[in-house]
Peer 1: 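One structure, pasted below without further comment.
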Amino acid sequence: MIAFVSGSVAALAPDAAVVEVGGVGMAVQCTPNTLSTLRVGQQAKLATSLVVREDSLTLYGFADDDEKQTFELLQTASGVGPRLAQAMLAVHSPDALRRAVSTGDEKALTAVPGIGKKGAQKLLLELKDRLGEPLGTGGPALGTAVTSGWRDQLHAALIGLGYATREADEAVTAVTPQAEAAEGAPQVGQLLKAALQTLNRTR
């Protein structure tokens, strides 16, 4: 089990980072919000979860242990694999997910690509006793500031979540006024949430 990786960031992709650990480049799948905190050439430490399949070994990376534990707990629900668990964390912080489950907020779960109304109801039942109560320390979900290139990051995040290029283009256009109205740098996590809401309305 690889509990974490620590080293210099060698490369960044829309859905992954390569961290150099002892001369070896470790490819780590990350949410857009986690990726937005990384910079090529800088040191990084990511909590990780190794998912073993017959034909693959995939390392998923997280900003902290809380996010990692939530990722692993989500997969204890039937029908939730690592990709869907990661998509849930791309849209909501761990505390926002705990709050959604503890309050029975079906709408929050259907904001995640791949979760419909019935799936959300099932997840609320299965996860109620597993995720626990909100910690109340997370503040607004996904609030990492991104100084530049938010359009590219947001577009790449939507493609990574399974949307078509045209849908991603439309969603980026839809949230542009919100991004331009923001004080300081736009926050890509909040923009992703808003973009997903516009896509859900058009589907």
Side-chain angles (χ1 to χ4, degrees), residues 12-16 29-38 60-63 66-67 70-71 73-75 77 79-124 126-127 131 134 138-146 148-182 185-203:
L12 291 171
D15 60 354
Q29 301 287 314
C30 302
T31 64
N33 206 52
T34 299
L35 289 170
S36 72
T37 66
L38 306 177
Y60 289 84
F62 309 94
D66 184 26
E67 203 172 78
T70 304
F71 172 80
L73 281 169
L74 289 171
Q75 290 176 76
V80 178
R83 297 286 294 181
L84 185 56
Q86 191 180 46
M88 291 170 80
L89 285 165
V91 178
H92 299 296
S93 68
D95 222 32
L97 281 171
R98 283 191 284 267
R99 197 174 301 112
V101 171
S102 65
T103 59
D105 188 352
E106 198 179 289
K107 199 173 175 185
L109 293 187
T110 56
V112 179
I115 299 180
K117 188 178 172 66
K118 283 187 179 176
Q121 291 169 345
K122 191 176 167 191
L123 284 171
L124 288 172
E126 288 197 39
L127 293 171
L131 287 188
L142 302 175
T144 305
V146 179
S148 62
W150 67 266
R151 282 184 179 82
D152 292 340
Q153 289 203 358
L154 180 58
H155 194 274
L158 291 165
I159 298 293
L161 289 170
Y163 286 97
T165 303
R166 180 184 57 77
E167 290 177 307
D169 289 341
E170 288 171 0
V172 170
T173 302
V175 300
T176 295
Q178 180 182 331
E180 290 175 347
Q187 297 181 327
V188 79
Q190 291 178 353
L191 292 174
L192 177 61
K193 205 168 175 181
L196 289 168
Q197 285 170 352
T198 68
L199 286 165
N200 283 341
R201 279 200 295 270
T202 56
R203 283 191 160 188

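Predicted model, so just to flag it, every value in this text is computed and none were measured.
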Peer 1: With a 4.5 Å limit on heavy-atom distance, are the side chains of V80 and L127 in contact?
Peer 2: no

Peer 1: Restricting to side chain to side chain donor-acceptor pair (under 3.5 Å), what partner residues turn up for E126, sequence neighbours left out?
Peer 2: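 S78.
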
Peer 1: List in chain and number order the residues that pass side chain to side chain donor-acceptor pair (under 3.5 Å) with T70, two or more places apart in sequence or in another chain; answer none if no residue qualifies.
Peer 2: none

Peer 1: If the condition is side chain to side chain donor-acceptor pair (under 3.5 Å), which residues does K107 pass it with, not counting sequence neighbours?
Peer 2: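 Checked K107 against side chain to side chain donor-acceptor pair (under 3.5 Å); zero matches.
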
Peer 1: Within a strict 4.5 Å, meaning less than it, do heavy atoms of the Q86 and D15 side chains meet?
Peer 2: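 No - every pair of side-chain heavy atoms lies 4.5 Å or more apart.
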
Peer 1: List the residues meeting side chain to side chain donor-acceptor pair (under 3.5 Å) with Q178, not counting sequence neighbours, and say none if there are none.
Peer 2: none

Peer 1: Check A63 against T34 and note the closest heavy-atom contact, atom names and distance.
Peer 2: N-OG1, 3.8 Å

Peer 1: Quick one: closest heavy-atom pair of T198 and A174, and the distance?
Peer 2: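 Closest approach of T198 to A174, heavy atoms only: CG2-CB, 4.1 Å.
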
Peer 1: If every non-hydrogen atom of A195 is compared with every non-hydrogen atom of L154, which pair is closest and at what distance?
Peer 2: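 Heavy atoms only, the tightest pair is CB-CD1, 4.3 Å.
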
Peer 1: Do the side chains of H92 and R99 get nearer than 4.5 Å, heavy atoms only?
Peer 2: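 No, too far: nothing below the 4.5 Å cut-off.
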
Peer 1: To check you understand the geometry: which heavy-atom pair defines the closest contact between T37 and N33, and what is its length?
Peer 2: CG2-O, 3.5 Å

Peer 1: Once ring-ring contact (aromatic ring centres under 6.0 Å, His included) is applied, do any residues pair with F71, and if so which ones, sequence neighbours excluded?
Peer 2: Y60, F62

Peer 1: I'd like to check the salt bridge (Lys or Arg N to Asp or Glu O under 4.0 Å) partners of D66; sequence neighbours left out, ordered by chain and number.
Peer 2: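 Scan of D66 (salt bridge (Lys or Arg N to Asp or Glu O under 4.0 Å), adjacent residues dropped) gives R98.
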
Peer 1: Do the side chains of L74 and L131 get nearer than 4.5 Å, heavy atoms only?
Peer 2: yes

Peer 1: Locate the shortest heavy-atom distance separating A90 from L192; write the atom from each residue and the value.
Peer 2: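 Nearest pair, atom of A90 first, then L192: O-CD2, 3.2 Å.
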
Peer 1: Answer whether the closest heavy-atom distance between the side chains of V112 and L84 falls below 4.5 Å.
Peer 2: yes

Peer 1: Does the side chain of L109 reach to within under 4.5 Å of the side chain of L97, using non-hydrogen atoms?
Peer 2: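 A side-chain contact under 4.5 Å exists here.
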
Peer 1: Rounded to the nearest 0.5 Å, how far does CD of E167 lie from NE2 of H155?
Peer 2: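 Reported to 0.5 Å precision, the distance equals 10.5 Å.
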
Peer 1: Quick check for you: to the nearest 0.5 Å, what is the distance between I115 atom CD1 and Q121 atom CD?
Peer 2: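 Interatomic distance, I115 CD1 to Q121 CD, rounded to 0.5 Å: 12.5 Å.
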
